[in-house]
Amino acid sequence: MKILVPIKRVSDPDNANKIKVAPGGAAIDAGGLEWKINPFDEYALETALRLTENGAQPKQREGEVVVVSFGPKEVEPILRSALATGASRAIRVEAEDSQLDGGVVAAALKTLVEAEKPDWVILGKQAVDGDSNQVGQMLAELLDAPMATFAATIKEEADGRLLVGREVDGGLHKVRLTGPGVITVDLRVVAPESVYSNKTDPSFKYQEGVRFAPLPAIMQAKKKPLDTKTLAELTDKTAAMNYTKFELPAGRKAGSKVASVAELVAKLTNEAKVL
Amino acid sequence: MQNVLILAELGEGKELKNATLSAIEFGYSCLATVGGSLDILVLGSDTKDAVATLKKHGAGKVIVVEDPAFAHYLAEEYAPTVASIASSYGLLVATATTFGKDLLPRVAARLGAAYATDVSGVVTDGGELSFRRPMFAGNAIGYTTLKTAQKVVTVRQSEVQAHEAGGGESSVETAQRVAPSGNARSRIEHVALETVQSERPDLGDAKIVVSGGRALKERFFEVLEPLANTLGAALGASRAAVDAGYCPGDFQVGQTGKIVAPTLYFAIGISGAIQHIAGMKNSKVIVAINKDPDAPIFQVADYGLVADLFTAVPELVTALKNR
């Protein structure tokens, strides 16, 4: 099985409250923040690794995981880190952030998928900077491929089809996909019993969360191939989303502390009048 | 061409979702800005009741495509029909539920349209629609124009009120399903929709929400259910509680989960991570119960109670019952 995992670097979401807006509101200033891999993309990578291994023998890769990221040279650390955790090859598509939006990235990925011919493309459901939630869906349409968004569970069946549980409002939507196809992942996909390749014993339980690369793997990752392509090689589409203004949200004032449950009920009833 | 098409959402091809009314309200606010007319599109396997409700919202017409193929939602099945009808409109709008967020980007790609998700408002910028949307877990608001002839957006339900019936009765027009061609539809199969049967209101629509965090541990339901039942409230959770597996994934309130704005929100054992606050800060009244007096949740709460939730919550249930 071959899986392509597009990953994005984002400004550290745990410190997103330190984001500033440049004077006049023309741009977002995340200058003080560290870059990290988008958490949902980290989960997509973990999902791809689980689908290309026997969970009991994670050092033996039963298939290929290729990671791709769009951006300047500064995105290479997240690609190297993905190589260290088990991806076999990386591709960086040289681009400035200002050249990119969901439509451009989907169009470029389409060309890349046609060249790489993966069985599956697995992505995070959204990147936590733009929160745009659209690349996977657009890519699936451009490829005329089936898709399962917001995946929480994935089981590879004996014939290679994937049974996917999607987190939807009010429940879990189960769909069966025949590849090649596109999957976007949600939070629960990295739970211990969420993802099984058909090589992993059904009684096997993963550790909660994503795996971390051991030191020797980090050293070896430096020798793994990291190719560069230009955006123009992949698409001539230009960004159609144009952010003209940014602002900070209105703050919410802290209220008061109450001393007891009785005081809380009294205030909710008489002061806030919401009970 | 600025005419607006609203895509209605039906549960299992039948029951109209309230969320649709926010998309209608947003559609009218776009018209108020740039003019034009508004129609509503409904796809389903049994649309009679939904159409009866939708035609009371003053739209030019309600376009109905009824077909057994729409009994279970699949984007691969719905997209060809939605795109075909939307192709003669300037703007396609749905609500940013998991239905809207799944389907509309796919339709947008089919139309060659740009798409903005989770839009919270609209203004004009040089005569063009500029869509306001929260980004960076709600820590910044961006305004974007969409530079394609057709535009597609989903609307954040908690930021746009439900449209109230009125404005005259719409005509009803039927249209034919556009059968999917190509590979996508034949490579996906609906297996099951496993819904949790609950007497409680939907998290997105509820007037009162009771949310719990990691502090509840395995006692999440044991502690919170009596409170939610007493108040007729929906249950929610922080990402940490979902991550830890104490409750289902669709309970998650936050920037990457559900965005809610109830009249009354209880944050119980929730520390108040940025991404959670982004999902509930528009609630009218916020109550926080947490044993850590320095928890960031108290900075957004109207009423904070520093207490052990395992004693405070049962006490609260008793107090509410004895009112």
Side-chain angles (χ1 to χ4, degrees), chain A residues 13 16-17 19 21 28 102-103 106 126 128-134 137-138 140-142 144-147 149-150 152 163 167-178 181 186-188 191 240-249 252 254-258 261-262 264-265 267 272 274, chain B residues 75-76 97-98 101-102 105-106 109-110 114-115 117-118 125 130 135-148 182-184 187-196 239 242-243 245 249-250 255-256 263-264 274 281 285 298-306 312 315-316 319-320:
Chain A
N17 56 337
I19 279 171
V21 169
I28 290 277
Q126 71 194 76
V128 299
D129 48 3
D131 288 315
S132 288
N133 192 336
Q134 55 185 262
Q137 295 92 318
M138 289 179 162
E141 179 62 32
L142 297 177
D144 184 24
M147 69 181 191
T149 55
F150 323 139
L163 181 64
E167 294 270 8
V168 297
D169 299 330
L172 198 69
H173 182 202
K174 288 201 167 159
V175 291
R176 183 175 284 113
L177 272 72
T178 306
D186 213 326
L187 288 177
R188 294 298 302 152
M241 296 187 77
N242 180 28
Y243 283 91
T244 52
K245 193 174 88 169
F246 295 94
E247 61 194 30
L248 293 176
R252 193 183 169 105
S256 56
K257 294 254 169 72
V258 291
V261 166
L264 175 63
V265 173
K267 288 222 159 139
V274 288
Chain B
E76 293 79 354
T97 56
T98 51
K101 289 186 188 181
D102 186 64
R106 188 155 189 143
R110 203 174 174 91
Y115 163 75
T117 189
D118 253 336
D125 181 352
S130 179
M135 306 165 76
F136 294 92
N139 289 287
I141 309 285
Y143 291 81
T144 184
T145 53
L146 301 177
K147 304 212 162 294
T148 46
N183 295 320
R187 292 208 206 124
I188 187 162
E189 177 193 335
H190 166 90
V191 176
L193 181 64
E194 295 171 358
T195 51
V196 184
R239 175 174 164 170
V242 172
D243 270 346
D250 66 331
Q255 176 74 354
T256 58
T263 309
L264 178 57
I274 295 161
K281 66 182 175 186
V285 174
F298 289 120
Q299 292 164 22
V300 297
D302 299 281
Y303 301 105
L305 176 63
V306 180
E315 207 184 311
L316 179 58
L320 290 169

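Letters go in sequence order (proteins before strands), and every chain restarts at 1. Worth saying up front: this structure is predicted, and the values here are computed from it rather than measured.
Between chain B and the options A:Asp186, A:Leu163, A:Val265, A:Thr244, heavy-atom pairs under 4.5 Å are most frequent for A:Thr244. When B:Thr145, B:Thr97, B:Leu193 are compared by the number of non-hydrogen pairs under 4.5 Å with chain A, B:Thr145 comes out ahead. Residue with the most contacts toward chain A among B:Arg106, B:Lys101, B:Glu194, B:Lys147: B:Arg106 (heavy-atom pairs, distance under 4.5 Å). The candidate with the highest count of non-hydrogen atom pairs below 4.5 Å against chain B, out of A:Ala140, A:Gly102, A:Ala152, is A:Ala140. Highest contact tally toward chain B, considering only A:Gly103, A:Gly171, A:Gly255, is held by A:Gly255 [criterion: heavy-atom pairs under 4.5 Å]. The greatest number of non-hydrogen atom pairs below 4.5 Å with chain B, out of A:Met241, A:Gln134, A:Met138, A:Glu247, is found for A:Glu247. Contact count against chain A (heavy-atom pairs under 4.5 Å) is highest for B:Gly182 among B:Gly182, B:Ala75, B:Ser130. Ranked by heavy-atom pairs shorter than 4.5 Å toward chain A, the options B:Gly138, B:Ala192, B:Ala137 are led by B:Ala192. In terms of non-hydrogen atom pairs under 4.5 Å with chain B, the most contact-rich of A:Val175, A:Val258, A:Asp169, A:Leu248 is A:Asp169. Residue with the most contacts toward chain A among B:Asp243, B:Asp102, B:Asn183: B:Asp102 (heavy-atom pairs, distance under 4.5 Å).
Both the backbone and the side chain of A:Ala272 have a heavy atom closer than 4.5 Å to some heavy atom of chain B. In this structure, no portion of A:Ala106 lies under 4.5 Å from any heavy atom of chain B. For B:Leu264, the part lying under 4.5 angstrom from a heavy atom of chain A is the side chain only. Looking at B:Asp118, there are no atoms closer than 4.5 Å to chain A (heavy atoms on both sides), in backbone or side chain. Heavy atoms closer than 4.5 Å to chain B are found in both the backbone and the side chain of A:Val128. Residue contact with chain B, scored on non-hydrogen atoms closer than 4.5 Å, involves the backbone and the side chain of A:Leu177 alike. In this structure, chain B has a heavy atom under 4.5 Å from the side chain of A:Ile28, while its backbone stays farther away. Contacts of A:Arg188 with chain B are made by side-chain atoms alone, with heavy-atom separations under 4.5 Å and no backbone atom involved. With a 4.5 Å cut-off on non-hydrogen atoms, B:Glu315 touches chain A through its backbone and its side chain both. For A:Glu167, the parts lying near chain B are the backbone and the side chain together; criterion is any non-hydrogen pair under 4.5 Å. The contact between B:Ala301 and chain A is made entirely by backbone atoms, counting heavy-atom distances below 4.5 Å. At a 4.5 Å heavy-atom cutoff, the contact between B:Ile274 and chain A is made by side-chain atoms alone.
When atom types are taken as modelled, the side chain of A:Asp144 and the backbone of B:Ala184 share a donor-acceptor pair closer than 3.5 angstrom. Side chain of B:Thr195 to main chain of A:Gly170: no donor-acceptor pair is present (N/O by atom type, distance under 3.5 Å, no hydrogens or angles).
Here the shortest heavy-atom pairing between B:Tyr115 and B:Pro105 reads CE2-CG, 3.6 Å. The two residues B:Val242 and B:Gly249 have their closest heavy-atom pair at CG1-CA, 3.6 Å. B:Met135 and A:Gly130 get closest at one heavy-atom pair: CE-CA, 3.9 Å. The nearest pair of heavy atoms linking A:Ile19 to B:Ala140 is CG2-CB, 4.5 Å. Heavy atoms only, all atoms of each residue included: B:Val306 and B:Phe298 are closest at CG2-CZ, 3.9 Å. Nearest heavy-atom pair across B:Val300 and A:Arg252 is O-NE, 3.0 Å.
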field: Check against side chain to side chain contact (heavy atoms under 4.5 Å, CB included), B:Ile188 and A:Arg176
entry: CA-CA 6 Å; B:Ile188 187 162; A:Arg176 183 175 284 113; over 6 Å; no
- prompt: What do the steps show when you test B:Phe136 against B:Gln255 for side chain to side chain contact (heavy atoms under 4.5 Å, CB included), and what is the final call?
  reply: CA-CA 9 Å; B:Phe136 294 92; B:Gln255 176 74 354; over 6 Å; no
message: Set out, in order, the CA-CA distance, both residues' side-chain angles and the distance that settles side chain to side chain contact (heavy atoms under 4.5 Å, CB included) for A:His173 and B:His190, then state yes or no.
response: CA-CA 8 Å; A:His173 182 202; B:His190 166 90; 3.0 Å; yes
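Judged purely by distance below 3.5 Å, without hydrogens or angles, the side chains of A:Asn133 and B:Thr117 never pair a donor atom with an acceptor atom.
No side-chain heavy atom of B:Tyr143 sits under 4.5 Å from any side-chain heavy atom of B:Asp125.
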